[in-house]
There are 2 protein chains.
Amino acid sequence: MANIKTVAKHAGVSVATVSRFLNNKDYVSQEAKAAIERAIKELNYRPNQVARSLTTKQTNIIGLIVPDITNPFFPQLARAVEDTALSLGYTVVLCNSDEQEEKEKLYIERLRQTYVAGFIVASNLISEQSYLELNIPVVALDRKDNSQLPYVSTNNFEAAKLGSAYLIERGATNLICLSGPQNAGTFAERAKGFEAAMTDNVSYRIVEGDLRYQYAFESTKEALAQDRTIDGVFACSDYAALGALKAIQEAGLRVPEDVQVVGYDGIELGDMVLPGLTTVAQPVYGLGETATRMLISKLEDKEIQQTRVVLEASLCVRGTTK
Amino acid sequence: MANIKTVAKHAGVSVATVSRFLNNKDYVSQEAKAAIERAIKELNYRPNQVARSLTTKQTNIIGLIVPDITNPFFPQLARAVEDTALSLGYTVVLCNSDEQEEKEKLYIERLRQTYVAGFIVASNLISEQSYLELNIPVVALDRKDNSQLPYVSTNNFEAAKLGSAYLIERGATNLICLSGPQNAGTFAERAKGFEAAMTDNVSYRIVEGDLRYQYAFESTKEALAQDRTIDGVFACSDYAALGALKAIQEAGLRVPEDVQVVGYDGIELGDMVLPGLTTVAQPVYGLGETATRMLISKLEDKEIQQTRVVLEASLCVRGTTK
DNA sequence: ATGAAAGCGCTAACAG
DNA sequence: CTGTTAGCGCTTTCAT
C-alpha cells in the first residue's frame, strides 16, 4: 500500500503539500493539485487512518451504545445511525451493553483507547456524569429529558398520556402500566404520562421492573393471575407490549375484546404480529438520524448547536385496541 | 493519559523493557516486572492501541458483516459474536450491508484502512473471491457450504428436509417453499432439502426471491390468491415465516388448521408470536461463538485449524403445525 | 536481560 | 504557496 511519501515523490512535491491537499488546508496551487490527484489515482493511494489518528488524536469512529440489541427497537435505531454516519464519513461501532454496567464500561474504555470521536448513548446504565467526564462529545438518545447531555427524544410524557387515554376512551377501566426502572430512562416520564391520563372512574397500577420481553411476559402473567378483570395494558416499550400480549393470550383472554394493549416505540414488528399492536409510535429513523447529525455537528464544531431536540411521537392504532 | 515513556521513567527502566513486559516477549527480570507493574498501576496506564497498530499493522478489531440487521436472527448472532470477541480481547464492528453491495464494500474499505484484524461474513452479496483477495483472515458464517473460506453453518440440507417432511407428516399436501436467491447463500441448500422431502402424493412449488419480511408477506399473499388450497409453507428463514404467517392470517385462513407453517433459524421471536412458530432451530449462539473462536484462532496462529464446522439444527415444534 | 534508536504514516509548526 | 522537520506512542532490531 502506497503511503504519503511515495505520493509526494510521484507528484514531485513534499509530503506536507500532499497532506494539505488531503485535508483541504491552506492553499495548494492548481498544478500541485493536479499532480497529486494523478499520483493518488495511479498509486491507488488511501490515507492511513491509523497514522492520522495517532497524530491528531482523533478518529471518525462513533460509538453507539444500546442496552439490548435483541430488542428490535435498537436495530432499527442502529440502522438509522449507521446510515447517517456512513454517509457523512463516519463509522459506527455498535456497543451492546446487554444491560450490564461492566460491559458498557469495557466498551467505553476500549473505544477510548482508540480515540473514538464521540458517543451516542441510548442506554441508561451509566450516569451522565461518567459520560461528561469522558470529555468527548456525547449525545443522549431516547434517554431522560432532564439530561445535562445534549439529547434527542420524543415527548414521552405527552405521548404516553395520549396512548393511555386512548385505552380509557375505548372502554378500559382496570389498567396496568408496564414501566422500566424509575430511576433512569424515559420510562419514568412515560409512566407519569400514563398516570396523568387516568380518570376518576378507572383503577390502575404501575408495575415497575425490567422491560425486556421475558420480564414483561412474566409480570403480566402474574398481574393477570391476581386480577382477571384487568382490561387494559399500557407498556412503555413495544417489546414489553409483545410480552404482555403473549401472556394475555396464553391466559386464554382475547385481545382486544377482553384486554386491550398499547405499546410505545413503533417498531416494525408491531405490524407483524396478529392482532397488530396499537402503539405510540416514535419516529425511529428520525431519532437516530437527528442524534447522529447532532453529534457530528459537535465533532466538527459546526455553528448550529441545538442541543435538545424533542420529536413528536404519535398514536398508531392497530388491532390490540377496540 | 500516561504513555510508555513515563511508565519507563517511573519504573527506572527503558521503554523497550516496558514494551517487552506488555507483550510478554523475551525475558524481563523479576525486579523490572515488579517495578513496571507498580508504575502502570500508579499511573493508571493503558497502552495506546492506535500507536500499537501503526507499528504492528494489526488491530484487535473484527468486522462482522450482516445483510440485514432488522432481521432478528442477526442481532442474536451479533450478540454471540460480540460476547465471545469481547471476552477474548477483541472489539467487533457491526457492519450492516443492508443488502447493498456498495455499502458492504464501503465498510470493507474503511475497516481495511484501520488495519482490521479479520472479518466474519454472514452476508452473501460479495463473492468469496473478493474476500480472499483481502489477504486477511475471514470466516464465513451461515453462508454456502462449498465455500473456499473457512466456515461454520448448520446442516442446511438435512435440517430443511426434516422440517419439510414434518409438514407432510402432519398432513400437508400442497406446499410452497419460500426461498432466497438461489445463486448464493444457504437458501439453495435449504430449498433442495425441502424438495428432497417431497413425496409423490403431494404437490409443491418453490418461490424464489428476497427473504425479507415484506417480500415473504407479499409472495405468500400472492400464492394464496392464486391457490387457496395451499396447506403448508416452509420458509427458509423465520423472518420470512413471520411474513407468511401474517399473509395467511390476513387472508382469513387459520394456522395451523388450514395452513401449517415451518420456518428456519430458531429466533426468539418465533416463540413470541401466536401461534408460536414451528421451526428448524439453529444453535444461534453456538454459530456465532464458533465462528468467532475460529477467526481468533486464525488471527493468533493457533494450531487447531478446523476450518469447516457444521452444527446441527433441530426441529422445534410449536403452534404453527398440527 | 536491557537500552538506544529507527521507523510505522501522518500532521503541524516553522521557515521561507 | 511550499518544503523541512519534529513528533504522536509504540515495537523492534541491533548492540551491549
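Letters A, B, ... mirror the listed sequences (proteins, then strands); counts begin at 1.
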- From D:dT11, C:dG9, D:dT2, pick the nucleotide closest to the side chain of A:L54? C:dG9
- To the nearest Å, give me how far apart CD1 (B:I36) and P (D:dT11) are. 12 Å
- Task: State which of C:dA1, C:dG9, D:dG9 makes the closest approach to the side chain of B:N48.
- Result: D:dG9
- Item | DNA chain C: 5'-proximal contact among A:S19 and B:V13 (nearest heavy atom) | B:V13
- Message: Counting only side-chain nitrogens and oxygens, does B:N23 get under 4.0 Å of the OP1 or OP2 atom of D:dT11?
- Response: yes
- A:V152 and A:V310, any side-chain heavy atoms less than 4.5 Å apart: no
- If each of A:T17 and B:T56 is mapped to the nucleotide of DNA chain D with the nearest heavy atom, which maps nearer the 5' terminus, i.e. the 5' end? A:T17
Close N/O contacts between protein and nucleotides 14-16 of chain C (under 3.5 Å):
none

- Message: Between A:A51 and A:K25, which residue's closest nucleotide on DNA chain C lies nearer the 5′ terminus?
- Response: A:A51
- Query: Could you give the CZ-to-P distance, from A:R52 to C:dC10, as a whole number of Å?
  - Reply: 8 Å
- Query: Are B:R212 and B:D68 within salt-bridge range, i.e. N to O under 4.0 Å?
  - Reply: no
- Item | Length of the line joining A:N3:CG and C:dC10:P, which is rounded to integer Å | 6 Å
- Task: Considering just the side-chain nitrogens and oxygens of A:S14, establish if one lies under 4.0 Å of OP1 or OP2 belonging to D:dG3.
- Result: yes
- Any B:K57 side-chain N or O less than 4.0 Å from OP1/OP2 of C:dG9: yes
- Hey, is B:E42 close enough to B:R38 for a salt bridge, meaning N to O under 4.0 Å? yes
- Length of the line joining B:L43:CG and D:dG9:C1', which is rounded to integer Å: 15 Å
- Contact class for A:Y45 vs. all strands (heavy atom < 4.0 Å): base, sugar-phosphate, or nothing? sugar-phosphate
- Item | Residue pair B:Q58 / B:Y115, side-chain heavy-atom distance below 4.5 Å | no
- Message: Both atom distances under 3.5 Å, Watson-Crick or G-U wobble: I'd like the secondary structure of DNA chain C as a dot-bracket string, with | for pairs made across strands.
- Response: ||||||||||||||||
- Query: Taking everything shown except A:Q129 itself, do over 12 heavy atoms lie less than 6.0 Å from its CD?
  - Reply: yes
- Query: Heavy-atom distance under 4.5 Å between the side chains of B:I120 and B:I65, does that happen here?
  - Reply: no
- Give the rounded distance in Å between these two atoms: CZ of B:R46 and P of D:dC10. 12 Å
- Item | Short N-O contact, A:E289 and A:R293, less than 4.0 angstrom | yes
- Per atom distances to the B:I4 side chain, the nearest of C:dG9, C:dA5, D:dC10 is D:dC10
- Query: If we only count heavy atoms from C-beta on, is the B:V18 to B:V13 side-chain gap below 4.5 Å?
  - Reply: yes
- Residues from residues 108-117 of chain B sitting under 4.0 Å of DNA chain D, heavy atoms only? none
- Let me know the distance between CG of B:D26 and C1' of C:dG3, rounded to the nearest Å. 13 Å
- Within-4.5 Å side-chain heavy-atom neighbours: A:L141 and A:Y151: no
- Going by an N to O cut-off under 4.0 Å, is there a salt bridge joining B:E101 and B:K105? yes
- Query: Any luck finding a side-chain donor-acceptor pair between A:E104 and A:Q100 under 3.5 Å?
  - Reply: no
- Query: How about B:I69 and A:P75: do any of their side-chain heavy atoms sit closer than 4.5 Å?
  - Reply: yes
- Rounded distance in Å - CD (B:Q49) to P (D:dC10): 9 Å
